[in-house]
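Below: one structure, written as structure tokens.
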Amino acid sequence: MYFYGTFPEDFTWGVSSSAYQIEGGWDADGKGPSVWDNFTHVPGNIKNNDTGDVACNSYNKLEEDIYLLRALGVKNYRFSLSWPRIFPNGRNNSINSHGVDYYNRLIDGLVANNITPIVTLYHWDLPQALQDVGGWESSEMIELFDSFADFCFQTFGDRVKFWLTFNEPQVIAWASYGTGEIPPNVNNPGAAPYEVAHTLLKAHARVYHTYDDKYRASQGGVISLCLNIDWIEPKTPSNPRDLEAADRYMQFLVGWFAHPVFKNGDYPEVMKWKVGNRSELQSLPSSRLPVFTAEEREYIRGTADVFCFNTYTAKLVTHATTRLNPFSYEYDQEISTDVDSSWPTSALAGHRAVAWGLRRLLNWVKEEYGNPPTYIIENGVGIKTESDVDDHTRILYYKTYIDEALKAYKLDGVDLRGYNAWSFMDFFEWLNGYEPRFGLHEVDFDDPNRPRTPRRSAVYYAEIIRNNETHLDSWAGSRV
Ligand code: BGC
């Protein structure tokens, strides 16, 4: 059922991207290699052996990108800074003025067009030189990330008023260090993700305090981190064990980072209990989940000004009773849930579109964290076809998801401030290369000029922005 209504006048509409996925120029003008550059250069790692070497060539197409953003009428543009483009070896003494200049031109261009930059400091492209000294498994990274962030605040903070430290820390911890699917490909699911997450939380808090202590008074921006949230639905809501399992899943997925930052500086009780209990069953001397000191808890608590997240889909879960093996660290087992695989994914790049899940998710965040000002930073759909003239699937996805966001705002009182579509244009989708197409703009990756063409969804989204609503008279006769 659709809800008819409008978003508030000051609602901030935008589109999002990330550096490695669109920039290209992987070794241009003195940029250093990132872990993703090296990973994609090994044949067999990425579908079709695609790489981000050229990607959308945004490094050389800055004016065109800004022109397209203007045409969409977005209020903000969320992008990320490539750390090795600014500091080729990851350290401040390796500064690359061409990289700094690129981001200055981008930010200036946005500001000149009244588009607010939302800047992510870390969207996964770690300088290889820092991985060589241990990457996020080393606590030295806290200092190094803080130096990078400090430089960025000092250099860009006169114009950038919205900062995000980490994009999807749960993915960094789990997929990079647990399953090891993505760089640096560490497969140590029992311990490494918990240790890495511990370091990421400390690094995030450190950067927040740097902003607070040195820049907030003069620059007046906000700073947060960007979580990945799938809505987790209990398979049988009348079964209390399934309800508990769903909540437990949310705590392992979201609470892992949000509970320390938005609540009390510490991990959710259920995580402490589960991981602690299973560590005990394994006769380990202490829990695999590290412990924060009282001082660290105090330091981490409250280190986000707004609540930001990305969302794509939902999952059905049940409580797992039969397969529990304390020596297996499969994520679902650690949480003691089974994800229902009879709930099929569609052709949508492995994601099932479940728009109503967004409303529940927003309400969960509201209840759990006291209705913080909330921003949806990424939401969209990847479709495995290159061109679909009427772009019906994507339009329907946006219409239904945005309508559920509107219900949460209007009917449920969720303090929703903004919505960003993922993505601005087609891009390099990590392990899946260029196959899933997420763009409001189509990019022709066979053409060296990487021309962009607006899809019909771009026209639709521009009208949503102009009207602050999804039910547009001009679209009434169309299939949406
Ligand atoms: C990431 C993006 C990615 C998107 C679609 C998010 O997890 O932040 O970089 O392209 O999902 O899979």
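Order of appearance sets the numbers: ligands from 1, and atoms from 1 within every ligand.
Using bins of under 30°, 30° to 60° and over 60° for the plane-to-plane angle, the ring pair F445/Y434 lands in the tilted bin.
Side-chain atoms of D29 and N96 include no donor-acceptor pair closer than 3.5 Å. Residues N89 and S94 have side chains that bring a donor and an acceptor to within less than 3.5 angstrom of each other.
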Give the C-alpha distance, both sets of side-chain angles, the deciding distance and a yes or no for salt bridge (charged side-chain N to carboxylate O under 4.0 Å, His left out) between K47 and E429. CA-CA 10 Å; K47 193 167 280 178; E429 172 60 2; over 6 Å; no
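Ligand 1 has no N or O atom lying under 3.5 Å from any N or O atom of S18, backbone or side chain. Annotation: W124 places no N or O atom under 3.5 Å from an N or O atom of ligand 1; distance criterion only.
Close approach of ligand 1 to N167 is summarised as follows: ligand atoms under 4.0 Å from at least one heavy atom of the residue are 8 (O). Counting the atoms of ligand 1 from 1 in the order shown, those under 4.0 Å from a heavy atom of F427 are 10 (O). Residue N310 approaches ligand 1 through these ligand atoms, each under 4.0 Å from one of its heavy atoms: 8 (O). Atom numbering of ligand 1 starts at 1 in the shown order; those under 4.0 Å from a heavy atom of Q21 are 2 (C), 3 (C), 9 (O), 10 (O).
Between V171 and ligand 1 there is no heavy-atom distance shorter than 4.0 Å. The shell of residues lying under 4.0 angstrom from ligand 1, judged by heavy atoms, excludes N228.
One finds the CZ atom of F262 at 12.0 Å from the CD atom of E368 (value rounded to the nearest 0.5 Å).
Nearest protein heavy-atom contact of atom 12 (O) of ligand 1 is E429 OE2, 2.5 Å. Scanning all protein heavy atoms for the shortest distance to atom 7 (O) of ligand 1 gives E168 OE1, 2.6 Å. In this structure, atom 11 (O) of ligand 1 lies nearest to the protein heavy atom Y312 CE1, 3.4 Å. Protein heavy atom at the shortest distance from atom 1 (C) of ligand 1 is E378 OE1, 3.4 Å.
In this structure, R394 does not pair ionically with E442, as no charged nitrogen and carboxylate oxygen lie closer than 4.0 Å. Salt bridge status for D426 with R437: present, with a side-chain N to carboxylate O gap under 4.0 Å. Under 4.0 Å is where a charged nitrogen must lie from a carboxylate oxygen, and between K366 and D415 no such pair does.
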